[in-house]
Student: 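Got a structure for you, questions after.
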Protein chains: 2
Amino acid sequence: MTTRVPEPATKRQPLNRDRLLSTAIAIADASGIGALTMRSLAQALDVKPMSLYHHVANKEEILDGIIDVVFGEIELPPADIDWRTAMRRRAVSARQVLARHPWATPLMESRRNPGPVTLGHHDAVIGILRRGGFSIQLTAHAYSMLDAYIYGFALQEAGLPFDNETVPDVAQEMMAEFPTGAYPHLTELAMEHVLQPGYDYGDEFDFGLDLILDSFEALLRSDR
Amino acid sequence: MTTRVPEPATKRQPLNRDRLLSTAIAIADASGIGALTMRSLAQALDVKPMSLYHHVANKEEILDGIIDVVFGEIELPPADIDWRTAMRRRAVSARQVLARHPWATPLMESRRNPGPVTLGHHDAVIGILRRGGFSIQLTAHAYSMLDAYIYGFALQEAGLPFDNETVPDVAQEMMAEFPTGAYPHLTELAMEHVLQPGYDYGDEFDFGLDLILDSFEALLRSDR
DNA sequence: ACCTGAACACCGTTCAAGT
DNA sequence: ACCTGAACACCGTTCAAGT
């Protein structure tokens, strides 16, 4: 004999904004941002499309919202460590987060309504630089440059037509389509670098990051 | 009395791939990539939507095609000038081109079929570095870093919610919505830097670019 | 060879109606 | 307060048919 269960464990949770946004992110992660439609989102939430409009004004607000959630995933180091360690950890974390959500980087461009988490992130990073002794001028330089580098790298990484395992196959396939003798330098770089064992495009990130941090360390010293 | 004109000057040109792509770019420039639909493109070409499919397989091919056209607009300096001048000119030109086509940068991510112009561009840039004395290793570092910076900067610039004239209005409006006391560092940076006369976000580009070029010049010297 | 009309399976969103 | 059915004006694309 079964007991009557007034509230079964599988009972549908009431819809709310947080669940809406995290489900939207899950869809984009799994199937790309193109697969995120009001209809697909509603179905994943076990609800009709029109119900979504009770929690967000429109799809734009969903896109603004998920970008703000993604920003919240980036580690903000404690305020009491030195600026270089803090900037390094934030940059590495940002790259990891953007690699986890490859649809997010290009979306940054069109989003012009930064959410509270995004603004808080920017504020904290600027604060770390200022406390580290950066002038306002130098803070602007450093922040602009670091973010350009991080987003640009993430954009390139998201656009790579291969992951680390399929490098040889994809590279060989692409080069097979080259007209004979065309792109000699590209071919050289592929053969003698990209196709060598142990190659990992991701390793490039640390090189450029440290180069930037070195430069600002030198500038900071000569600044005061 | 009017003469009979068998071929009026306004006669519709026959559709071809080049005209299709350049019209597509004109639409995206004028109204954003979202306004570029098979139907809007057909209308601009004075043709029915289905006619487009005689010149391209689908919309993906149009997107691949216009990205390749945009790449072709980037200046490739002559092979006989020194690497630093060449890299500088290419970077400045790339930024100008991407600023002219703000929809293009985020599109780079999803395009995985580089066209012949794009491949030729990459090949030429790598060639300039190699001839400048860069090892394969250092070439990979430099190219990855320069492109990450260029694309990242273009992405940020495209996402700015203001152009140079409207900076004060937009910044003031945004800050007016901040809860009191929130984002103190962001506010400081805005008040004492962004809102100062003569501020131009674009100026940041040269600073970071020269910093990168300086670093590689030093690395190149110690490398040989 | 090049173009097209009609149709299909999708979109985001509005509106009026249900509980 | 929260959800929904039906409808509207859009998408990209296929197919069969026109010149």
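Just so we're on the same page: letters track the sequence lines, and every chain starts at 1.
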Student: Holding to side chain to side chain donor-acceptor pair (under 3.5 Å), I want the full list of residues that pass it with S144(A), two or more places apart in sequence or in another chain.
Tutor: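 With neighbours one apart ignored, the set is Y201(B).
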Student: Residues two or more places apart in sequence or in another chain: which of them pass ring pair (Phe, Tyr, Trp, His ring centres under 6.0 Å) with F71(A)?
Tutor: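 F71(A): ring pair (Phe, Tyr, Trp, His ring centres under 6.0 Å) contacts with H121(A), H122(A).
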Student: Could you tell me the separation between the CG atom of D46(B) and the C1' atom of dT4(C), rounded to a whole number of Å?
Tutor: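 Atom CG in D46(B) sits about 13 Å away from atom C1' in dT4(C).
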Student: Could you pull out all residues at least two apart from T166(A) that satisfy side chain to side chain donor-acceptor pair (under 3.5 Å)?
Tutor: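 Partners of T166(A) under the side chain to side chain donor-acceptor pair (under 3.5 Å) test: D163(A).
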Student: Using the test salt bridge (charged side-chain N to carboxylate O under 4.0 Å, His left out), find all partners of R17(B) that sit at least two apart in sequence or belong to another chain.
Tutor: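 E61(B).
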Student: Which of residues 22-30 of chain A have a heavy atom under 4.0 Å from DNA chain D?
Tutor: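 Those residues: none at all.
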Student: Listing request: all salt bridge (charged side-chain N to carboxylate O under 4.0 Å, His left out) pairs with a residue in residues 165-181 of chain B, at least two apart in sequence or in separate chains.
Tutor: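 Sorted result for residues 165-181 of chain B: empty, none.
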Student: Less than 3.5 Å between a donor and an acceptor, one on the side chain of H54(A) and one on the base of dC3(D), is that the case here?
Tutor: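 Per atom types, the contact qualifies.
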Student: Starting from P on dT4(C), measure out to CG on L52(B) and report it in whole angstrom.
Tutor: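 After rounding, the reported distance stands at 10 Å.
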Student: Return yes if some donor-acceptor pair links the side-chain N/O of S22(A) with the main-chain N/O of D18(A) below 3.5 Å, else return no.
Tutor: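 Confirmed, S22(A) side chain pairs with D18(A) backbone.
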Student: Only counting residues at least two apart or in another chain, list the ones meeting salt bridge (charged side-chain N to carboxylate O under 4.0 Å, His left out) with E188(A).
Tutor: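 Salt bridge (charged side-chain N to carboxylate O under 4.0 Å, His left out) list for E188(A), sorted by chain: R130(B).
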Student: Whole angstrom is fine here: how far is it from CD1 in I62(A) over to P in dC11(C)?
Tutor: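 One finds 14 Å between P of dC11(C) and CD1 of I62(A), rounded.
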Student: How many whole angstroms separate atom CD of Q43(A) from atom P of dC3(D)?
Tutor: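 My rounded result for the distance is 17 Å.
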Student: Can you tell me which residue pairs pass the salt bridge (charged side-chain N to carboxylate O under 4.0 Å, His left out) test with a partner in residues 139-158 of chain A, sequence neighbours excluded?
Tutor: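 Every pair satisfying salt bridge (charged side-chain N to carboxylate O under 4.0 Å, His left out) with a residue in residues 139-158 of chain A: R90(A)-D147(A), R95(A)-E157(A).
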Student: I need the CG-C1' distance between L45(A) and dT4(D), as an integer number of Å.
Tutor: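 In whole Å, dT4(D) C1' lies 15 Å from L45(A) CG.
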Student: Give the dot-bracket line for DNA chain C from 5' end to 3' end: parentheses for intra-strand Watson-Crick or G-U pairs under 3.5 Å, square brackets for crossings, | for inter-strand pairing, dots for unpaired.
Tutor: ||.|||||...|||||.||
Student: List in chain and number order the residues that pass salt bridge (charged side-chain N to carboxylate O under 4.0 Å, His left out) with D206(A), two or more places apart in sequence or in another chain; answer none if no residue qualifies.
Tutor: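 Partners of D206(A) under the salt bridge (charged side-chain N to carboxylate O under 4.0 Å, His left out) test: R88(A).
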Student: Does anything in residues 65-75 of chain B pair up under salt bridge (charged side-chain N to carboxylate O under 4.0 Å, His left out), and if so which pairs, sequence neighbours excluded?
Tutor: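 Output for this query lists E73(B)-R100(B), E75(B)-R89(B).
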Student: Tabulated below should be each protein N or O lying under 3.5 Å from an N or O of nucleotides 12-15 of chain D; please produce it.
Tutor:
residue, atom, partner, partner atom, Å
dG12(D), OP1, M38(B), N, 3.2
dG12(D), OP1, K59(B), NZ, 3.0
dG12(D), OP2, M38(B), N, 2.9
dG12(D), N7, R39(B), NH1, 2.3
dG12(D), O6, R39(B), NH2, 3.1
dT13(D), OP2, Y53(B), OH, 3.0
dT13(D), OP2, K59(B), N, 3.0
dT13(D), O5', Y53(B), OH, 3.4

Student: Grab the CG-C1' distance between L20(B) and dC3(C) for me, whole Å please.
Tutor: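 Atom-to-atom, L20(B) to dC3(C), this comes out as 14 Å.
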Student: Rounded to the Å, how far apart are H55(A) NE2 and dA1(D) P?
Tutor: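 That distance rounds to 13 Å.
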Student: According to the interplanar angle, ranging from 0 to 90°, do the rings of F205(A) and Y149(A) count as parallel (below 30°), tilted (30 to 60°) or perpendicular (above 60°)?
Tutor: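 The arrangement is parallel - the two ring planes meet at less than 30°.
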